[in-house]
Amino acid sequence: MGKRVALVLAGCGVFDGSEIHEASAALVHLSRGSAEVKIFAPNIEQRDVVNHLKGSPTEEKRNVLVESARLARGNIQDLTELKAEEFDAVIFPGGFGVAKNLCSWAVDGKNCTVNEHVNSTLQAFHSAKKPIGLCCISPVLAAKVFPGCEVTVGQDKNVDGRFPDAETASAIAELGCKHICKNVNESHVDKANKIVTTCAFMCKAPLHEIFDGIGTMVQEVLKLA
């Protein structure tokens with residue numbers, strides 16, 4: 001039997017929801033690993049709605065669960081229905097929706113608050129010693145909820161202009177966590193906490209390298225499960 005994995009989304013679209021390529025990559029690698037996947041998202045209003053053509057906010061109001069349903073092809077549940085005991089692992093793709101809707105990192109940085117249902121989900125899997133996979137900006141969730149854990153968001157310096165958000169690594173360190181520098185096609189495994197992270201689009205890299213990096217994260221999560 002394949003592993004049972006919960007995937008938690010934050011909307012649909014890089015600037016105000018889940019990064020579509022990251023969510024798709026995670027699902028492809030999970031499928032290849034014969035995992036049984038169920039998708040969840042919080043039933044809350046998005047912090048903002050961004051016109052992805054212009055890159056600017058609009059006056060629209062959208063719901064995170066409803067928008068995430070686009071990525072899930074309609075097969076999705078409210079995050080409140082996620083029960084850690086029914087799964088072997090949980091994975092969070094990235095995208096600004098993580099930093100806007102699942103927590104307030106986009107506004108408050110290391111002083112952010114984490115959505116109560118996201119927090120309780122993370123705590124439940126951690127307490128049960130079940131692996132947690134995170135990519136792109138979503139490792140900040142672990143950094144905020146689990147002080148002392150190890151994560152990667154890529155590099156802590158803007159190497160060759162490929163890591164424009166390298167300062168995120170410093171903020172993670174300020175939270176009392178250890179940032180591990182990794183390339184885009186790699187992931188880091190915090191064995192003590194069963195947290196697996198990869199930088200994905202935190203690195204300016206070809207899509208296939210990001211896809212491969214997410215693949216290493218998924219593979220390590222499934223191994224730990």
Side-chain angles (χ1 to χ4, degrees), residues 2-44 46-47 49-50 52 62-79 81-82 87 89-103 105-106 115 117-118 121-122 125 131-142 151-154 165 184-185 187 195-203 205-222 225:
K3 303 296 183 181
R4 301 163 302 167
V5 181
L7 189 82
V8 180
L9 298 179
C12 181
V14 58
F15 298 129
D16 57 13
S18 289
E19 210 296 320
I20 293 170
H21 298 295
E22 291 178 11
S24 179
L27 287 166
V28 170
H29 288 295
L30 285 165
S31 175
R32 184 168 286 150
S34 300
E36 178 188 334
V37 182
K38 290 190 178 178
I39 305 175
F40 299 85
N43 186 10
I44 56 174
Q46 291 184 189
R47 179 176 289 273
V49 177
V50 175
H52 280 58
R62 296 194 184 187
N63 177 280
V64 174
L65 179 60
V66 172
E67 293 303 298
S68 297
R70 293 173 178 272
L71 279 170
R73 297 171 60 87
N75 189 8
I76 194 168
Q77 294 173 266
D78 189 326
L79 185 59
E81 297 178 34
L82 198 169
F87 294 91
V90 64
I91 289 178
F92 289 77
F96 280 109
V98 172
K100 291 178 176 181
N101 305 325
L102 304 192
C103 71
W105 187 278
N115 171 276
H117 301 302
V118 173
T121 296
L122 289 166
F125 278 85
I132 299 167
L134 309 117
C135 66
C136 194
I137 191 62
S138 63
V140 302
L141 295 171
V151 299
T152 189
V153 289
D165 301 304
V184 66
N185 59 348
S187 56
I195 295 170
V196 188
T197 50
T198 189
C199 68
F201 278 99
M202 294 292 275
C203 177
L207 182 57
H208 71 276
E209 293 184 12
I210 292 164
F211 181 88
D212 291 346
I214 293 170
T216 68
M217 180 268 285
V218 170
Q219 289 165 19
E220 293 296 339
V221 165
L222 294 178

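Every heavy atom of this structure was used, including side-chain atoms; hydrogens, water molecules and symmetry mates were not.
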Considering all heavy atoms of both residues, which atom of [X] and which atom of [Y] are nearest to each other, and what is their separation?
| X | Y | result |
| --- | --- | --- |
| A25 | F211 | CB-CD1, 3.6 Å |
| M202 | D165 | CE-CB, 3.8 Å |
| C199 | C203 | SG-CB, 3.9 Å |
| V5 | A35 | CG2-CB, 4.1 Å |
| I214 | T198 | CA-CG2, 4.1 Å |

Problem set entry | CZ/F87: more than 12 non-hydrogen atoms of other groups inside 6.0 Å |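 Counting neighbours around CZ of F87, more than 12 heavy atoms of other residues, nucleotides or ligands fall under 6.0 Å, so yes.
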Exercise. Just wondering, are more than 12 heavy atoms of other shown residues or ligands nearer than 6.0 Å to CZ in R70?
Worked result: no
Is there a donor-acceptor pair under 3.5 Å between the side chain of [X] and the backbone N or O of [Y]?
| X | Y | value |
| --- | --- | --- |
| N115 | C103 | no |
| D78 | F40 | no |
| E22 | G94 | yes |
| H21 | L207 | no |
| S68 | G11 | yes |
| S18 | A10 | yes |
| T121 | H117 | yes |
| K3 | A225 | yes |
| S34 | G2 | no |
| T152 | G154 | yes |

Between [X] and [Y], is any pair of side-chain heavy atoms under 4.5 Å apart?
| X | Y | result |
| --- | --- | --- |
| V221 | V218 | no |
| I91 | L30 | yes |
| N43 | V64 | no |

Exercise. Less than 4.0 Å between a side-chain N and a carboxylate O, is that true for E67 and R62?
Worked result: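 Yes, charged N to carboxylate O under 4.0 Å.
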Approximate separation, where rounding is to 0.5 Å, of [X] [atom1] and [Y] [atom2]:
| X | Y | atom1 | atom2 | answer |
| --- | --- | --- | --- | --- |
| L102 | L9 | CG | CG | 9.0 Å |
| I195 | L141 | CD1 | CG | 10.5 Å |
| N101 | D16 | CG | CG | 7.5 Å |
| T197 | M217 | OG1 | CE | 8.5 Å |

For this session: Answer with yes or no whether the side chains of S187 and T216 bring together a donor and an acceptor at under 3.5 Å.
Result: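 A donor-acceptor contact under 3.5 Å links the two side chains.
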